[in-house]
Asks: 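Sharing a structure with you now.
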Number of protein chains: 2
Amino acid sequence: MSSKKSSDADIATLLPKVGKAVRGSQSGQPIMVLFDLLGRRWSMGILWNLSDANRTFRDLQARCNSASPTVLNTRLKELRAAGLVEKAPDGYALSNDGRALFRVLEPLGDWAMEWAPKLSERQARSD
Amino acid sequence: MSSKKSSDADIATLLPKVGKAVRGSQSGQPIMVLFDLLGRRWSMGILWNLSDANRTFRDLQARCNSASPTVLNTRLKELRAAGLVEKAPDGYALSNDGRALFRVLEPLGDWAMEWAPKLSERQARSD
DNA sequence: ACTTTTTGCTACTCATTTAGTAGCGATCTC
DNA sequence: GAGATCGCTACTAAATGAGTAGCAAAAAGT
């Protein structure tokens, strides 16, 4: 359940990409660097789904709406490079920092539940 | 400073796209719908930059690292369709819901500031 | 021990998204 | 009314993601 082939080496080459010029967040403001990282597909979904349990690659994939393995793997590398996710014997897991971030993100769940019906209403009105 | 050409009509046709099958978040869970919306480029950056003042299109563009006008405009339409952003006489503004969401998002700023140095350290180590 | 299944992940092709730049019509500035 | 600035659209090129197939390694079954 562990490959160890190149993935651990790639993570180093990927690191500079996180929060650097890649997706244009050299603004210097930490929040923008974070938004750059979290504002990629499935980033937050991954953190969310790792919050209550460690997950295998395929489990995670299933929970992220069958995200393609290429993106999922890239996201996981990025999140590991950022120190938010790490590998555990039983799959991927949140690091300490990852858990701390999740705690900050968590209230979004409640907010989303209040917001959802309003959104549906809006959508209904525009038919 | 206001065009009113097609943009207000397009917003209706864009609405169904928000949180629907588009970027694959038909999971039904509100949080995943929200993540789908926020997990697009500049979405959170826009909300963040509108939090302390209304901004013009070009001002917003400058603050979002010169995001291309096409994306910026798309994001703004999506956020308006989602009821988080609206147009004010002096530019774009957060709606009530948008402000509520920002309050939930706000702690990320502090967290990011604690996290930033750790990230730099990581990046330094992998050189 | 050997087959079968499952797992993590890479490789590839094709669709979608974003960047990057140019520019038009409307509005502000003087 | 000339110039600057504005919101925004159009277009092309590059980057990113989806979708599918499949392999090597590990797990599980017998």
Side-chain angles (χ1 to χ4, degrees), chain A residues 1-11 13-14 17-18 20-26 35-37 39-43 45-46 50 54-80 85-93, chain B residues 1-11 13-14 17-18 20-26 35-46 50 54-80 85-93:
Chain A
M1 213 169 277
S2 70
S3 56
K4 189 63 86 59
K5 193 194 300 173
S6 79
S7 59
D8 281 341
D10 290 344
I11 209 173
T13 56
L14 230 157
K17 293 199 161 199
V18 178
K20 276 277 176 64
V22 182
R23 263 176 94 176
S25 62
Q26 65 277 57
F35 282 165
D36 183 14
L37 179 63
R40 300 180 191 191
R41 214 153 184 212
W42 305 121
S43 284
I46 290 171
L50 287 181
N54 295 0
R55 309 263 180 214
T56 66
F57 188 91
R58 277 172 135 102
D59 186 2
L60 216 44
Q61 189 183 11
R63 285 167 190 274
C64 290
N65 205 55
S66 303
S68 68
T70 27
V71 203
L72 186 57
N73 191 36
T74 309
R75 275 314 87 86
L76 283 168
K77 279 186 197 168
E78 289 166 357
L79 292 172
R80 291 211 296 151
V85 167
E86 47 193 31
K87 279 196 175 189
D90 59 338
Y92 289 95
Chain B
M1 212 169 277
S2 71
S3 57
K4 189 67 83 64
K5 192 195 300 169
S6 77
S7 59
D8 281 341
D10 290 344
I11 210 173
T13 55
L14 229 156
K17 294 198 162 203
V18 177
K20 276 277 175 69
V22 182
R23 264 177 95 178
S25 63
Q26 65 278 60
F35 283 165
D36 183 14
L37 179 63
L38 296 184
R40 301 179 190 191
R41 208 144 190 221
W42 306 122
S43 285
M44 295 194 283
I46 290 171
L50 287 180
N54 294 359
R55 310 266 180 211
T56 66
F57 188 92
R58 276 172 136 102
D59 185 2
L60 216 44
Q61 190 183 11
R63 286 166 189 274
C64 289
N65 204 56
S66 303
S68 68
T70 27
V71 202
L72 186 57
N73 191 36
T74 309
R75 274 315 87 84
L76 283 167
K77 278 185 198 168
E78 288 165 358
L79 291 172
R80 289 212 295 152
V85 168
E86 47 194 32
K87 278 197 176 188
D90 61 337
Y92 288 95

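Just so it is clear: chains get the letters A, B, ... in the order the sequence lines come, proteins before strands, and each one is counted from 1.
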Asks: What is the separation between atom CZ on Arg75(B) and atom C1' on dC8(D), rounded to the nearest whole Å?
Replies: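 Interatomic distance, CZ of Arg75(B) to C1' of dC8(D): 16 Å.
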Asks: Compare side-chain N and O positions of Thr74(B) against OP1 and OP2 of dT18(C) and report whether any pair is under 4.0 Å apart.
Replies: no
Asks: Does Thr56(B) have a side-chain nitrogen or oxygen under 4.0 Å from the phosphate oxygens OP1 or OP2 of dG7(D)?
Replies: yes
Asks: Should Trp42(A) be listed as having a side-chain N or O under 4.0 Å from OP1 or OP2 of dA18(D)?
Replies: yes
Asks: Which listed nucleotide (dT9(D), dC9(C), dC6(D)) is nearest to the side chain of Pro69(B)?
Replies: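 Between dT9(D), dC9(C), dC6(D), the one nearest the side chain of Pro69(B) would be dT9(D).
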Asks: Does the side chain of Arg40(A) get closer than 4.0 angstrom to OP1 or OP2 of dG17(D) through an N or O atom?
Replies: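 Arg40(A) to dG17(D) OP1/OP2: no side-chain N or O under 4.0 Å.
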Asks: Would a distance-only check, ignoring hydrogens and angles, find a side-chain to backbone donor-acceptor pair under 3.5 Å from Gln61(A) to Ser66(A)?
Replies: no
Asks: Measure from CG on Asn54(B) to P on dG7(D) and round the result to the nearest Å.
Replies: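 The answer, rounded to whole Å, is 12 Å.
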Asks: Could you tell me whether the phosphate oxygens of dT9(D), OP1 or OP2, come under 4.0 Å of any side-chain nitrogen or oxygen in Asn73(B)?
Replies: yes
Asks: Any idea which heavy atoms bring Ser43(B) and Leu37(B) closest together, and the distance?
Replies: OG-O, 3.0 Å
Asks: In whole Å, what is the span from the CD atom of Glu86(B) to the P atom of dG7(D)?
Replies: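 Distance check: Glu86(B) CD to dG7(D) P gives 17 Å.
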Asks: More 5' along DNA chain C: Leu72(B) or Arg58(B), using each one's nearest nucleotide?
Replies: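 Here Leu72(B) is the residue nearer the 5' end.
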Asks: Counting side-chain heavy atoms from CB outward, which of dC9(C), dG7(D), dG20(C) is closest to Lys87(B)?
Replies: dG7(D)
Asks: Identify the heavy atoms of Leu38(B) and Met44(B) that sit nearest to each other, and give their distance.
Replies: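 For Leu38(B) versus Met44(B), the nearest heavy atoms are O-CG, 3.7 Å.
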Asks: Hey, which of these two, Gln61(A) or Ala67(B), hits DNA chain C nearer its 5' end, going by closest nucleotide?
Replies: Gln61(A)
Asks: Tell me: CG of Leu60(A) to P of dT7(C), nearest whole Å?
Replies: 13 Å
Asks: Nearest whole angstrom, please: distance from the P of dC9(C) to the CD of Glu78(A).
Replies: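 Glu78(A) atom CD is separated from dC9(C) atom P by 14 Å.
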Asks: If we only count heavy atoms from C-beta on, is the Leu76(B) to Phe57(B) side-chain gap below 4.5 Å?
Replies: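 Yes, close enough: below the 4.5 Å cut-off.
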Asks: Using whole Å, report how far CG of Asp90(B) lies from C1' of dT5(D).
Replies: 16 Å
Asks: Look at the side chain of Val71(A) and decide which nucleotide, out of dA18(D), dT20(D), dC8(D), has an atom nearest to it.
Replies: dA18(D)
Asks: By the 4.0 Å heavy-atom rule, please label Ser66(B) as base, sugar-phosphate, or nothing.
Replies: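 Contact class for Ser66(B): none.
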Asks: Give a yes/no on whether any side-chain N or O of Lys77(A) is located under 4.0 angstrom from OP1 or OP2 of dG8(C).
Replies: no
Asks: Check whether any side-chain N or O of Tyr92(B) sits under 4.0 Å from OP1 or OP2 of dC6(D), and answer yes or no.
Replies: no
Asks: In Å, rounded to the nearest 0.5 Å, how long is the span from CD of Glu78(B) to CH2 of Trp42(B)?
Replies: 15.0 Å
Asks: In whole Å, I'd like the distance from the CG atom of Asn65(B) to the C1' atom of dA19(C).
Replies: 11 Å
